[in-house]
Amino acid sequence: MEFLIGCDPEVFVRKGKLFQSAHKLIPGDKKNPFKVNKGAVQVDGMALEFNIDPAATSTEFCINVQTVLDQMIKMVPGYEVVISPVAHFTEDVMKAQPPEALELGCDPDYNAWTGLPNIKPNANRPMRTASGHVHIGWTKNQDITDPDLIGRAYAAARQMDFYLGLPSLFYDDDQERREMYGKGGCCRVKPYGVEYRTLSNAWLKSERLMTWVFNNAQKGMQELVSGNNLAAKFGNVEEIINTGNKKEARRILKAANIEVCNG
């Protein structure tokens with residue numbers, strides 16, 4: 001069984017040494033993304049966000065990501081587009097934002113280990129985080145309240161903690177984002193499958209990492225459907241991800257024979 005892999009990463013903009021708000025810099029928003037070649041772009045709060053057409057191969061995935069990102073960069077002349085998990089803003093920039101630009105966590109996401117909604121982050125901090133969510137599709141137009149779909153989505157998210165979440169500790173040292181977002185098992189159920197929301201945008205920094213994300217997502221799902229459920233073997237690993245415990249992550253990844261990519 002082949003799975004379609006997509007993503008919707010966020011990036012920041014900067015002028016000189018200071019991060020600036022991306023609010024209203026480009027067309028598109030959460031409800032109405034702006035269609036471009038191989039995906040769409042939009043503003044998400046104070047960041048820029050893009051999504052790609054779902055891909056069936058790693059080559060297609062990388063081409064889609066790079067094509068949409070390049071288009072978005074050209075839409076903000078005069079700004080540097082920055083791939084960073086965290087951006088700190090000056091007090092003046094924060095005060096100048098309308099309420100809609102400051103809002104965080106408008107739709108809840110869930111912990112695939114507990115089934116409970118995650119706590120909404122504090123929007124008053126003078127910083128924002130940028131994700132690199134991975135979307136995995138195996139069906140179409142399903143009811144997201146269907147218990148069977150929810151069960152499959154949570155199982156997929158738990159599997160991704162092993163194939164993406166734990167290995168991400170070795171190319172993404174940022175712990176500040178994990179205080180707000182990116183907890184282990186973080187996901188949303190989708191009509192086509194699942195959105196795995198643990199990763200930051202750090203994997204956008206190289207084509208090697210992009211390829212690794214696709215390949216590990218695909219391999220993790222193939223192993224899951226073939227009966228190799230790592231959550232059943234190793235138990236809950238969310239705390240290892242949340243605390244950035246590389247020693248324990250390395251032990252589990254070695255035992256599970258999972259590839260790590262350092263960049």
Can you check whether [X] reaches [Y] side chain to side chain, under 4.5 Å on heavy atoms?
X	Y	answer
Ile136	Ile5	yes
Asp44	Lys30	yes
Leu199	Val134	yes
Trp138	Val194	yes
Glu49	Met72	no
Arg152	Gln142	no
Met75	Phe34	yes
Met94	Met46	yes

Member of Trp203, Phe61, Tyr163, Phe3 meeting the ring-ring contact (aromatic ring centres under 6.0 Å, His included) criterion with Phe214: Phe61

Closer than 3.5 angstrom, by distance alone: can the side chain of [X] be matched with the main-chain N or O of [Y] as a donor-acceptor pair?
X	Y	result
Lys35	Gly39	yes
Lys183	Arg178	yes
Ser84	Ala87	no
Gln20	Phe89	no
Glu103	Pro99	no
Glu179	Arg177	no
Arg158	Trp113	no
Asn201	Glu10	yes
Ser226	Glu223	yes
Arg188	Asp107	yes

How are the rings of Tyr192 and His135 set to each other: parallel, tilted or perpendicular (split at 30° and 60°)? tilted

Determine whether [X] and [Y] fall in the same hydrophobic cluster, where Ile, Leu, Val, Met, Phe, Trp and Tyr are linked whenever their side-chain heavy atoms lie under 4.5 Å apart.
X	Y	value
Val81	Val43	yes
Val260	Phe162	yes
Ile144	Tyr154	yes
Ile119	Leu116	no
Leu102	Val93	yes

Can you name the nearest heavy-atom pair linking [X] to [Y], along with the distance?
X	Y	answer
Phe170	Arg250	CE2-NH2, 3.1 Å
Pro191	Thr139	O-CG2, 3.5 Å
Asp109	Cys187	CB-O, 3.4 Å
Pro33	Asn51	CB-ND2, 4.3 Å
Val11	Leu204	CG1-CD1, 4.0 Å
Leu253	Pro167	CD2-CG, 3.8 Å

Hey, what do you get for [atom1] ([X]) to [atom2] ([Y]), rounding to the nearest 0.5 Å?
X	Y	atom1	atom2	answer
Tyr110	Arg197	OH	CZ	11.5 Å
Lys233	Asn229	NZ	CG	9.0 Å
Arg128	Gln97	CZ	CD	9.0 Å
Cys62	Met210	SG	CE	6.5 Å
Tyr181	Lys120	OH	NZ	8.0 Å
Met221	Asn216	CE	CG	13.0 Å

Between Lys219 and Asn215, does the side-chain contact (heavy atoms from CB on, under 4.5 Å) criterion hold? Intermediate values first, please. CA-CA 6 Å; Lys219 183 178 180 181; Asn215 287 341; over 6 Å; no

Begin with the C-alpha distance, continue with both residues' side-chain angles, and end with the deciding distance and a verdict on side-chain contact (heavy atoms from CB on, under 4.5 Å) for Asn118 and Cys186. CA-CA 8 Å; Asn118 289 311; Cys186 185; 3.5 Å; yes

Has Gln222 got more than 12 heavy atoms of other residues, nucleotides or ligands less than 6.0 Å from its CD? yes

Flag yes if more than 12 heavy atoms outside Lys246 fall under 6.0 Å of its NZ atom; otherwise flag no. yes

Under the salt bridge (Lys or Arg N to Asp or Glu O under 4.0 Å) criterion, do Lys38 and Asp70 qualify, and how do the steps go? CA-CA 11 Å; Lys38 299 189 182 300; Asp70 287 347; over 6 Å; no

Just jot down the salt bridge (charged side-chain N to carboxylate O under 4.0 Å, His left out) partners of Asp174, sequence neighbours excluded, or say none. none

Checking Asn111 against Glu238: is there a side-chain donor and acceptor pair closer than 3.5 Å? yes

Apply side chain to side chain donor-acceptor pair (under 3.5 Å) to residues Tyr196 and Asp161 and explain how you reach the verdict. CA-CA 9 Å; Tyr196 180 66; Asp161 268 358; 2.5 Å; yes

Hey, mind stepping through Val68 and Val41 against side-chain contact (heavy atoms from CB on, under 4.5 Å) and telling me if it holds? CA-CA 8 Å; Val68 180; Val41 301; 4.0 Å; yes

Might you work through the side-chain contact (heavy atoms from CB on, under 4.5 Å) test for Asn37 and Gln71, ending with a clear yes or no? CA-CA 8 Å; Asn37 184 26; Gln71 291 173 92; 3.5 Å; yes

Evaluation steps, side chain to side chain donor-acceptor pair (under 3.5 Å), between Ser131 and His133: CA-CA 6 Å; Ser131 68; His133 302 157; 3.1 Å; yes

